[in-house]
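In what follows, a structure is listed as C-alpha cells, so that the remarks can point back to it.
The first residue in the sequence is number 1, and the count goes up from there. Just so it is clear, the structure is predicted and the values come from calculations on it, not from any experiment.
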Amino acid sequence: VQLVESGGGLVQAGGSLTLSCRFSGFIFDDYAIGWFRQAPRKEREAVACIKSSDGSKEYPDSVKGRFTISVDNVKNTVYLSMKQLKPEDTATYYCATAPTVIPGIFEPFQDAEYDYWGQGTQVTVSS
C-alpha cells in the first residue's frame with residue numbers, strides 16, 4: 001500500500017489550494033481515506049474523510065464549508081480542495097487509509113483507525 005501526497009505550497013490567506021493523494025496497492029473491500037494535518041507543536045488532527053462503501057464524507061467543524069474531499073477512482077487519487085485558507089491552516093498535510101471500516105464503530109477522525117500514511121505535503125498560508 002502506498003500513498004503519495006502532492007500539491008502543497010505557499011498561498012495567501014483567503015486563497016485556495018488543492019492537494020492530491022495518489023494511492024496504490026489497495027486490496028481492501030471497504031476502506032476509508034482521510035486527510036490529516038499537523039502543525040508544529042500541535043497534535044495531528046483530521047480534516048476530512050471519505051468512505052469507499054458509499055462515498056460519504058465527513059469534516060470536522062474547523063474546516064466544514066471550506067474543505068472538500070473527493071476521489072477519482074480511475075486515477076486512484078483522492079483530492080482535498082481547500083478554500084478561504086487561513087494562517088492557522090498552515091501545517092503538513094497527510095493522507096491515510098483505514099483498511100477496515102465497520103459501520104457504527106469506525107471513528108473517521110481518530111488517526112489510530114488508519115494504518116497506512118503518506119509522507120505529507122507542506123501547506124503554508126501567509127497573512
| task | Say whether Tyr116 and Phe109 are linked into one hydrophobic cluster, either directly or through other cluster members, by side-chain heavy-atom distances under 4.5 angstrom. | result |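 No, no single cluster joins them.
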
| said: As a quick check of understanding, evaluate side-chain contact (heavy atoms from CB on, under 4.5 Å) for Thr97 and Asp115, giving each step before the final call. | reply: CA-CA 6 Å; Thr97 186; Asp115 291 345; over 6 Å; no

Between [atom1] of [X] and [atom2] of [Y], what distance do you get to the nearest 0.5 Å?
| X | Y | atom1 | atom2 | answer |
| --- | --- | --- | --- | --- |
| Asp30 | Thr100 | CG | OG1 | 9.0 Å |
| Lys57 | Ile69 | NZ | CD1 | 8.0 Å |
| Asp111 | Gln38 | CG | CD | 9.0 Å |

Would you mind writing out the side-chain donor-acceptor pairs for residues 70-77 within the sub-3.5 Å range, not counting sequence neighbours?
unit_1, atom_1, unit_2, atom_2, d
Asp72, OD1, Val74, N, 3.0
Asp72, OD1, Lys75, N, 3.1
Thr77, OG1, Lys75, O, 2.9

Only pairs under 3.5 Å count here: list side-chain donor-acceptor contacts from residues 3-15, not counting sequence neighbours, and write none if there are none.
unit_1, atom_1, unit_2, atom_2, d
Glu5, OE1, Gln119, N, 2.9
Glu5, OE1, Gln119, NE2, 3.4
Glu5, OE1, Gly120, N, 2.9
Glu5, OE2, Cys95, N, 2.8
Glu5, OE2, Gly120, N, 3.3

Just distance, no hydrogens or angles: give the donor-acceptor pairs under 3.5 Å from side chains in residues 46-53, sequence neighbours left out.
unit_1, atom_1, unit_2, atom_2, d
Ser52, OG, Tyr31, N, 2.9
Ser52, OG, Tyr31, O, 3.2

| message | I'd like to check the side chain to side chain contact (heavy atoms under 4.5 Å, CB included) partners of Ser16; sequence neighbours left out, ordered by chain and number. | response |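 For Ser16 the side chain to side chain contact (heavy atoms under 4.5 Å, CB included) partners, ignoring immediate neighbours, are Lys83.
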
| task | Output all residues satisfying side chain to side chain contact (heavy atoms under 4.5 Å, CB included) with Ile105, sequence neighbours left out; order by chain, then residue number. | result |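 In terms of side chain to side chain contact (heavy atoms under 4.5 Å, CB included), with neighbours along the sequence ignored, Ile105 is linked to Ile102.
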
| task | Please list all pairs passing the side-chain hydrogen bond (donor to acceptor under 3.5 Å, both in side chains) test where one or both residues lie in residues 85-96, with sequence neighbours left out. | result |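 Passing the test, one end in residues 85-96: Arg37-Asp89, Arg37-Tyr93, Arg66-Asp89, Thr92-Gln122.
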
| With side chains defined as the heavy atoms from C-beta onward, is the minimum distance between Phe106 and Glu113 less than 4.5 Å? |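 Heavy-atom side-chain distance check passes, below 4.5 Å.
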
| task | Specify the closest pair of heavy atoms between Val101 and Ala98, including all atoms of both residues, with the distance to one decimal. | result |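 Nearest heavy atoms, Val101 then Ala98: CG2-O, 4.1 Å.
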
| query | Which ring-ring contact (aromatic ring centres under 6.0 Å, His included) pairs, counting each pair once, include a residue from residues 58-92, with sequence neighbours left out? | reply |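 ring-ring contact (aromatic ring centres under 6.0 Å, His included) check on residues 58-92 returns no pairs.
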
| query | Does any pair with a residue in residues 32-57 pass ring-ring contact (aromatic ring centres under 6.0 Å, His included), and if so which ones, sequence neighbours excluded? | reply |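 Of all non-adjacent pairs touching residues 32-57, those that pass ring-ring contact (aromatic ring centres under 6.0 Å, His included) are Phe36-Tyr114, Phe36-Trp117.
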
| task | Any chance you could lay out the side-chain contact (heavy atoms from CB on, under 4.5 Å) test for Val123 and Met82, step after step, and finish with the verdict? | result | CA-CA 11 Å; Val123 173; Met82 306 181 291; 4.1 Å; yes

| field | Contact list for residues 51-80, test disulfide (SG to SG under 2.5 Å), sequence neighbours left out | value |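 Those involving residues 51-80 do not exist here.
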
| For Arg22, all residues meeting salt bridge (Lys or Arg N to Asp or Glu O under 4.0 Å), sequence neighbours excluded |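 Result, salt bridge (Lys or Arg N to Asp or Glu O under 4.0 Å) vs Arg22: none returned.
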
| said: Run the salt bridge (Lys or Arg N to Asp or Glu O under 4.0 Å) test against Asp61 and tell me which residues pass, sequence neighbours left out. | reply: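 For Asp61, the residues satisfying salt bridge (Lys or Arg N to Asp or Glu O under 4.0 Å) (neighbours in sequence not counted) are Lys64.
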
| field | Test side chain to side chain donor-acceptor pair (under 3.5 Å) applied to Asp29 - qualifying residues, sequence neighbours left out | value |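 Asp29 satisfies side chain to side chain donor-acceptor pair (under 3.5 Å) with no residue once adjacent residues are dropped.
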
